[in-house]
Amino acid sequence: MEFISPEGLRLDGRRPHEMRQLHAEVGVVAKADGSALFEMGNTKVIAAVYGPHEVQIHSQQLHDQALVRCEYSMAAFSTGERRRRGKSDRRAMELSLVIRQTLEAAILTHLMPRSQIDIFVQVLQADGGTRAACINAASMALADAGIPMRDLVVSCAAGYLNSTPLLDLNYIEDSGGGPDLTVGIFPKLDKVSLLQMDSKLSTDLFEKVLTLAMEGSKAIAEYMRQMLLENTQKLAFARGTLKR
Amino acid sequence: MRGLQFELESGQQRRVSKAQERLKDAAGSVHAAAFVNVGDTIQVDHEAGFLRGHGTQVVNGELLATVCGIVERVNKLVSVRPLRAKYNPETGDVVVGRITEVAPKRWKVDVNCRQDAQLMLSAVNLPGGIQRRRTAVDELNMRSLYEENDIISAEVQSLYQDGSLHLHTRSLKYGKLENGQLVTVAPYLIKRLKQHFHHLKQYGVDLILGCNGYVWIAAPSESGKSSVSETPMDLSNDHGSEMSSKRSTTLIPSAQEDGKRDLSDDDKVRDSITRELRERICRLANAVRVLAALGLLIFVESIIDTYEVSLSWDTAVKDMLAAEFCIKIVEREAEHRDKKELAI
């Protein structure tokens, strides 16, 4: 199947190095301590963070750091065909683990001993790149909750089809059978927190695709920073000062 | 706007954005560097030296922020204060909490903090007010004092290194709270002031602004406790007096000899709380909810102001949580701030 037209346009009209449109909103779940909605094109993900609060299961309490729990789920209506998935769905368990490990590396857990942080991520609409969108949404939700982190975790996916590295694959490109690489980085500290890939790539092509994904992440980081800053300013200005 | 369930139409959205813009302008020129994101570098004078405070970390000699918030500088101490974080306790704070667990010789209290606070048996007043050593019988009767899901007001006694919090109710004004509504707001909206217990004489309602973001609005407790154990007819006399002054019994609910509450007394108290009083309590609670959703500072004057404004606009109590009222409050606040700016 032809994923790139002779003019160099992809199936949805993007250029190979072009990312989908981003949209992020903070504070979408009222009851949560922190929450965010992150959209990358048609992929929409909502993340809610509860915590830090008292550890529910006392035996799991860690005396010197916070316990981080993460739950990933896909809404039944998120894919083209409506499918009810259980929580113990294998893919969901793998993704929960991956997201938890990625974010735990960023959270300064030693500042919150004997407490628990719950991260819930739900995919509302899946169109490729859900892993990346989930990590981005969870990162913004953690920042919204005021949980101290080393740096924001920003994630982006890239692939290789028709001999071209492509940035931010959508569902059709994802199912094209080519390699799909997801990277999660700390933009300021320039460190990698997550690196996952399916299929095979030779080392030089791997370098190209990885660099492309990292550049995409840095661009997303700029956008996330801007949205978080706007949110902080809005809250601060609304509160004002006490004197009336 | 967080916490209220409504969708804004485009026209309403525009009004809200406009009001928020006005609030921003009224704040004057705030230094852009005062707001930071996670991972942003904070400007410090490296030669003069600096002290690293909360919300910061040093990486490669640079000072980076670990939370999104406002940079605070006190002499050489540089810290970043996040806005919507969990309650940050300080000794001496008045807090309102909910009992989550009854453990050996202590209660665990949920105070919107990183960990549940602890209320030691030795830190409460025993019924009767006598000072004596707590015995095993006291430990067994802990449930007659406070049970799970009871709401209490207490003061922060001390903080420990690992972040755990100890409370005490060793004053007559603290203790179990009844006959009221609890509204949870974000802790950053409540400022630490001299007085956290308020008795609103004009409405006959008690108001407690817990530093941890839990706000308690209730029928005056005088009519509940002391009269329940003495004479029910004293209800009208006790209106309009300060909450703490006239208390003769302790705040432990009428624990009788066998340790069980008399249910008929509860019914008497409930009957004495009139429909008008309930409506006033609900209106005040909704005023608090609206202020919290809009992110405005919550203190007695602002609550009373919102209450009075809702009466003057003839808003029904339930309509206070609708979009129209909230937008009007934001616009009103924006006008106030503008006027203050012009006045200066």
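Labels below follow one simple rule: chain letters A, B, ... track the order of the sequence lines, proteins then strands, and each chain is numbered from 1.
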Tell me whether the count of non-hydrogen atoms from other residues, nucleotides or ligands lying under 6.0 Å of CD in A:Gln60 goes above 12. yes
Considering only heavy atoms, which portion of B:Leu64 lies under 4.5 Å from any heavy atom of chain A: side chain, backbone, both, or neither? side chain
Heavy-atom cut-off 4.5 Å, strictly under: side chain, backbone, both or neither for A:Ile117 against chain B? neither
Select one option (side chain, backbone, both, neither) describing which atoms of A:Leu142 are under 4.5 Å from chain B's heavy atoms. neither
Once you round to the nearest 0.5 Å, how far does CG of B:Asp116 lie from CZ of A:Arg114? 13.0 Å
Testing the basics here: between B:Tyr188 and A:Arg239, what is the closest heavy-atom pair and its distance to 0.1 Å? O-NE, 2.7 Å
A:Leu108, part contacting chain B, at a heavy-atom distance under 4.5 Å: side chain
Heavy-atom contact with chain A under 4.5 Å, split by part of B:Gln115: both
CD-CD distance between A:Gln233 and B:Gln20, expressed to the nearest 0.5 angstrom: 12.0 Å
Would you give the length of the straight line joining atom CG of A:Leu235 to atom CG of B:Leu294, rounded to the nearest 0.5 angstrom? 11.5 Å
Going from CG on A:Leu189 to CD on B:Gln57, what distance comes out if it is rounded to the nearest 0.5 angstrom? 6.5 Å
Return the option, out of B:Val67, B:Leu296, B:Asp40, B:Val38, with the maximum number of heavy-atom pairs under 4.5 Å with chain A. B:Val38
Residues, nucleotides or ligands: over 12 heavy atoms within 6.0 Å of B:His54 NE2: no
Identify which part of A:Ala221 has an atom lying under 4.5 Å from any heavy atom of chain B, answering side chain, backbone, both or neither. neither
Of A:Pro113, A:Ala66, A:Ala106, A:Ser115, the largest count of non-hydrogen pairs under 4.5 angstrom with chain B goes to A:Pro113
Got a sec: does the CE of B:Met120 have more than 12 other heavy atoms crowding it under 6.0 Å? yes
What part of B:Glu62 gets within 4.5 angstrom of chain A, counting heavy atoms only: side chain, backbone, both, or neither? side chain
Considering non-hydrogen atoms only, spot the tightest contact between B:Gly39 and A:Asp151 and give its length. CA-OD1, 3.9 Å
Okay, A:Ala145 and chain B: the region with an atom under 4.5 Å from a heavy atom over there is backbone
Part of B:Thr100 within contact of chain A (heavy atom distance under 4.5 Å): neither
Portion of A:Val153 that has a non-hydrogen atom of chain B nearer than 4.5 angstrom: neither
At a 4.5 Å cut-off on heavy atoms, which part of A:Asp64 comes close to chain B: side chain, backbone, both, or neither? neither
At their closest point, which heavy atom of B:Cys68 faces which heavy atom of A:Ala143, and how far apart are they? SG-CB, 3.9 Å
Picking from A:His53, A:Lys188, A:Glu54, which has the most non-hydrogen pairs under 4.5 angstrom with chain B? A:Glu54
List the atom of B:Arg337, the atom of A:Phe237, and the distance in Å for their closest heavy-atom pair. NH1-O, 3.0 Å
